[in-house]
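A short worksheet on the structure shown next.
Atoms within a ligand are numbered from 1 in the order they appear, just like the ligands themselves. Just so it is clear, the structure is predicted and the values come from calculations on it, not from any experiment.
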Amino acid sequence: MIEKNVVNGQWYETEQTIPVFNPATKELLGHVPSSSADDALRAVDAASDAFVTWSSLTADARADKIDAWYRLINEHRDEIADIMTREQGKPFVEALGEVDYGNQYVRWYAEEARRIYGETIPASVPGKRLFVEKEPVGVVAAITPWNFPAAMITRKLAPALAAGCTVVLKPSEETPFTALRLVELAEEAGIPAGVINVLTGDAATISGVWQAERRVRKITFTGSTAVGKLIMRQAADTIKKLSLELGGHAPFIVTENADIDKAVTQAIRSKFRNGGQACVATNRFYVQASVLDAFTEKFVAEVNKLKVGNGLDADSTIGPLINAKAVEKVKAHIDDAVAKGATILTGGTIDDSVGYFVTPTVLANVTEDMICMQEETFGPLAPISVFETLAEVIERANNTPYGLAAYAFSERIDEALLLGKKLEYGIVGLNDGAPSAAQAPFGGYKESGLGREGGVYGIEDYLEVKYLSLG
Ligand code: SIN
């Protein structure tokens with residue numbers, strides 16, 4: 001594992017370091033640099049210098065290098081997945097899936113680099129020509145989370161590079177090794193020194209410098225809504241562009257017209273992917289009264305088939321949570337719900353003696369006053385609440401400051417489309433528990449964020465619009 005920062009193509013260690021642990025065993029994996037404010041400034045210097053040449057390359061030249069990065073990630077997918085499982089905990093097969101999913105963004109934006117088009121606009125004054133051109137915003141600061149250590153990096157870096165931007169990256173201090181290996185492969189792919197600079201360490205120290213720097217023109221962040229709000233306030237002083245992918249609180253609605261088997265299969269995917277540690281993970285289930293028993297019985301049977309364990313064991317389907325704080329949060333949500341009248345149908349046990357393991361837990365008799373129905377749990381907890389009418393469930397599903405993802409299951413097209421229309425969410429999975437895709441927009445309404453990642457939308461966030469009026 002790489003235990004170094006990289007600035008301007010130079011890999012280096014620092015005197016102060018941060019330990020990184022395996023959440024399945026609590027064993028020490030290694031140390032990474034605890035970067036200083038000086039490191040943060042040097043990274044901006046490097047990205048700013050590299051911007052001059054990187055942004056002047058032809059789109060083809062940039063596209064070829066990004067494509068070479070895609071190929072190298074593909075060649076090293078097992079190795080990257082192994083690193084990811086060790087530092088993040090998700091089962092190896094799921095980690096492989098994340099490497100492939102994340103790499104789809106690299107491939108998609110390698111192609112999209114060639115399609116950054118401008119336009120001409122008819123003038124209202126004879127003899128004038130009006131042109132619109134797209135230009136890269138400049139140096140981008142990317143701050144990424146631990147739950148998807150590869151995909152959240154590629155989803156930001158690939159469009160930034162395609163647009164002609166250069167990057168200073170701070171990966172999560174919990175999962176830095178995946179990031180460092182990805183960036184080493186980018187270097188091997190021929191992406192020049194200074195185009196991607198990576199610093200590990202304390203978020204406040206590093207992002208404090210990047211926020212104050214006028215040369216950093218954009219911040220892209222995935223993480224909690226609380227930190228997103230802080231970033232937004234700090235970015236105000238230099239009016240930076242912002243992309244914020246923040247917390248979710250996804251409802252999963254099963255109407256009486258749903259295909260129950262399909263709903264159960266998709267519910268397992270949506271709820272237990274990465275042990276529930278995803279912003280788009282289902283956080284609360286709403287099931288119509290007439291199908292409540294049928295759904296609950298089948299769902300609990302499927303949940304009981306999940307196997308919690310070290311992600312490196314071939315039969316594990318759910319790994320550990322990331323740390324002790326994550327376990328405490330799930331426990332607090334279960335305890336609160338039970339105290340307020342919920343029933344545990346399965347799970348509810350926590351074993352954090354060796355690693356941070358929580359068994360998948362299903363709760364019945366759930367009501368809106370329980371914390372798990374108001375806040376993101378970010379763990380393997382599935383609270384099921386009953387509803388009577390569509391109007392009622394739409395109101396309950398929308399009654400939250402969050403608006404990232406929602407799921408609705410019905411075999412009636414009118415009902416599915418009505419739910420699709422009325423749910424105030426940036427992503428709605430209709431009979432689909434896994435809507436994320438490289439070519440599609442990912443992002444939230446309300447306090448779930450600003451901007452979109454993925455597809456043609458994702459590159460616009462890295463571009464300035466320049467209007468040229470030729471007299
Ligand atoms: C997230 O929810 O944290 C990202 C997951 C995805 O890209 O599907």
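- Few gaps surround CZ on Arg452; more than 12 heavy atoms of other groups in view lie less than 6.0 Å from it.
- Below 4.0 Å from some heavy atom of Met152 lie the following atoms of ligand 1, by number and element: 4 (C), 7 (O).
- A cation-pi arrangement is present between Arg155 and Phe442, with the terminal nitrogen or guanidinium carbon under 6.0 Å from the aromatic centre and inside a 45° cone about the axis.
- Summary of contacts: the protein heavy atom closest to atom 1 (C) of ligand 1 is Cys279 N, 3.4 Å.
- Here Thr377 pairs with Asn283, Val330, His333, Cys372, Leu381 under the side-chain contact (heavy atoms from CB on, under 4.5 Å) rule; sequence neighbours left out.
- Taking a 4.0 Å cut-off on heavy atoms, Arg273 registers as neighbouring ligand 1.
- Ligand-side atoms of ligand 1 in range of Arg155: 6 (C), 7 (O), range being under 4.0 angstrom from any heavy atom.
- In terms of protein heavy atoms, atom 7 (O) of ligand 1 is closest to Tyr101 OH, 2.6 Å.
- For ligand 1, the atoms lying closer than 4.0 Å to a non-hydrogen atom of Ser436 are 6 (C), 7 (O), 8 (O).
- The ring-ring contact (aromatic ring centres under 6.0 Å, His included) search around Tyr101 returns Tyr105, not counting sequence neighbours.
- No side-chain donor-acceptor contact under 3.5 Å links Lys271 and Thr282.
- Residue-ligand proximity, Asn147 to ligand 1, at heavy-atom distances under 4.0 Å covers atoms 3 (O).
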Might you work through the ring pair (Phe, Tyr, Trp, His ring centres under 6.0 Å) test for Tyr402 and Tyr445, ending with a clear yes or no? CA-CA 7 Å; Tyr402 299 100; Tyr445 285 16; over 10 Å; no

